[in-house]
Amino acid sequence: MPAITVDDVLVLPRLPRLDDAATAFRPVRRIVTAPSGFEGEGFPVRRAFAGVPMPELDPFIHLDQMGEVDYAPGEPKGTPWHPHRGFETVTYIIDGIFDHQDSNGGGGTITDGDTQWMTAGSGLLHIEAPPEHLVVSGGLFHGLQLWVNLPRVAKMNPPRYQDIRGRESALLTTPDGGALLRVIAGEVDGHRGPGTTHTDITITHVTVQPGARVDLPWRPDFNALVYVLGGKGTVGTDRRPVHTGQLAVYGPGDVLTFTADRAQDSHTPVLDLYIMGGKPIREPVAHYGPFVMNTRAELVQAFEDYQAGKLGVIPAARVPHSGGQDRP
């Protein structure tokens, strides 16, 4: 997992060393295993939030782990043009390359450690796909897409696109240098990531070396979700085992604790975690397909607006790969 790394983590700012006796460690409420499926034109995904009650996810809606897959030439796939309204998509690439283009003028290419943050807001059309040269050559692809809900007052805001380079992430380590933390959005112990959010959240990618433990300060008014991208370890003070493709949902408190197993396999030699937390919105959620609204009537209106062309039109210029064909 190349993402963004450093040669010597000991030069980075460090998390505080905590007193176990005086720390309110969060308990682990549940651990779920993501089922596998396919998205878009047929690329493999793990549905990380499957089986978790919506109130425990709030303000998040959906998380797909895309890959990890090593494509042969001609195999890389993406999604066709499709609409969104009422939420934000956060696409984080660990390995590989992905293109984005939308009907609001947003677009770009992201690779190892980069993030594309699209606020759909009132609605737009967009496409996500590997660039044509990757389709021809094949190669490794691994990433995540997180859906972040918007509060009622922001659901119809104008769309917005953020291109976040991996090198912009805030980097820090643990007191003993046993982990690398990349803060993508929000704040960890005063270190702020580059992502600008409508909803108050924190996202960080943490790589834990074998045998190392992390005690991560976490806002007590945020929920806390820890998804295992790769490797094996334990979560919580009761050291519940987790492995690749599992999600740990933490309860209340102000510190998350997790540890990497001393013995990892050669394919995943470290414990890699994608950690999400946010202040719950606590509003009704009406979610169907590409729209996340508050009521069924608003969902119906979103579909009607899409069918009437009110969410934008596909740009006439060349667009990224879709269905194996370039478009004029």
Could you give all pairs that pass the salt bridge (charged side-chain N to carboxylate O under 4.0 Å, His left out) test and reach residues 44-54, with sequence neighbours left out? E39-R47, R47-D64
Out of curiosity, L311 CG to S103 OG, how far, rounded to the nearest 0.5 Å? 7.5 Å
Among D200, D189, D254, salt bridge (Lys or Arg N to Asp or Glu O under 4.0 Å) partner for R219: D200
Ring pair (Phe, Tyr, Trp, His ring centres under 6.0 Å) contacts touching residues 44-67 (sequence neighbours left out): H62-W147
Shared ILVMFWY cluster between I127 and M118, side chains joined below 4.5 angstrom? no
Hydrophobic cluster identity match, L146 and V249, side-chain contacts under 4.5 Å: yes
Which other residues end up in the same hydrophobic cluster as I31, if Ile, Leu, Val, Met, Phe, Trp and Tyr are linked when side-chain heavy atoms come under 4.5 Å apart? L15, V28, L172, L181, V183, V188, V206, V208, V214, L216, W218, F222, V226, V228, V235, V242, Y250, L256, F258, L271, L273, I275
Apply salt bridge (Lys or Arg N to Asp or Glu O under 4.0 Å) to residues E298 and K155 and explain how you reach the verdict. CA-CA 11 Å; E298 290 169 345; K155 282 193 178 294; over 6 Å; no
Donor-acceptor check, side chain of K310 to backbone of E304, threshold 3.5 angstrom: yes or no? no
Please tell me whether Y288 and L150 are part of a single hydrophobic cluster in this structure, the criterion being side-chain heavy atoms less than 4.5 Å apart. no
Minimum heavy-atom distance G123-P159, with the two atoms named: O-CG, 3.6 Å
Quick check on the hydrophobic clustering: are F291 and I281 connected, directly or via other members, by side-chain heavy-atom contacts under 4.5 Å? no
Of all heavy-atom pairs linking F141 and I97, the shortest is CE1-O, 3.9 Å
What one should report as the nearest heavy-atom pair of L125 and W81 is O-CZ3, 3.6 Å
Minimum heavy-atom distance between R213 and D215, given as atom pair plus value: NE-OD1, 2.9 Å
CE of M293 to CD of Q301: how many Å apart, nearest 0.5 Å? 9.0 Å
I'd like to know if the side chain of N294 reaches the main chain of P284, judged simply by a donor and an acceptor atom lying under 3.5 Å from each other, with no hydrogens or angles considered. yes
Can you check whether L12's main-chain N or O pairs, donor with acceptor, with T173's side chain at less than 3.5 Å? no
How far apart are the closest heavy atoms of P290 and F87, and which atoms are they? O-CE2, 3.2 Å
Classify the ring geometry of H126 against H100: parallel below 30°, tilted from 30° to 60°, perpendicular beyond 60°. tilted
Keeping T119 on the side-chain end and G121 on the backbone end, is there a donor-acceptor pair under 3.5 Å? no
Would you check, one step at a time, whether the test side chain to side chain donor-acceptor pair (under 3.5 Å) holds for K279 with N223? CA-CA 7 Å; K279 192 170 184 178; N223 68 345; over 6 Å; no
Do Y274 and I164 share a hydrophobic cluster (ILVMFWY, side-chain heavy atoms under 4.5 Å, transitive)? yes
Could you check whether any side-chain N or O of R182 sits under 3.5 Å from a backbone N or O of I4, counting only pairs where one atom can act as donor and the other as acceptor? yes
Decide whether E128 and Q145 meet the rule of one side-chain donor and one side-chain acceptor closer than 3.5 Å. yes
May I have the step-by-step check of side chain to side chain donor-acceptor pair (under 3.5 Å) for Q116 and T91, ending in yes or no? CA-CA 5 Å; Q116 288 175 335; T91 305; 5.2 Å; no
For R165, does the CZ atom have more than 12 heavy-atom neighbours from other residues, nucleotides or ligands under 6.0 Å away? yes
For a side chain to side chain donor-acceptor pair (under 3.5 Å) check, start with the C-alpha distance between T111 and D114, then their side-chain angles and the critical distance, and finish with the verdict. CA-CA 6 Å; T111 186; D114 297 338; 5.6 Å; no
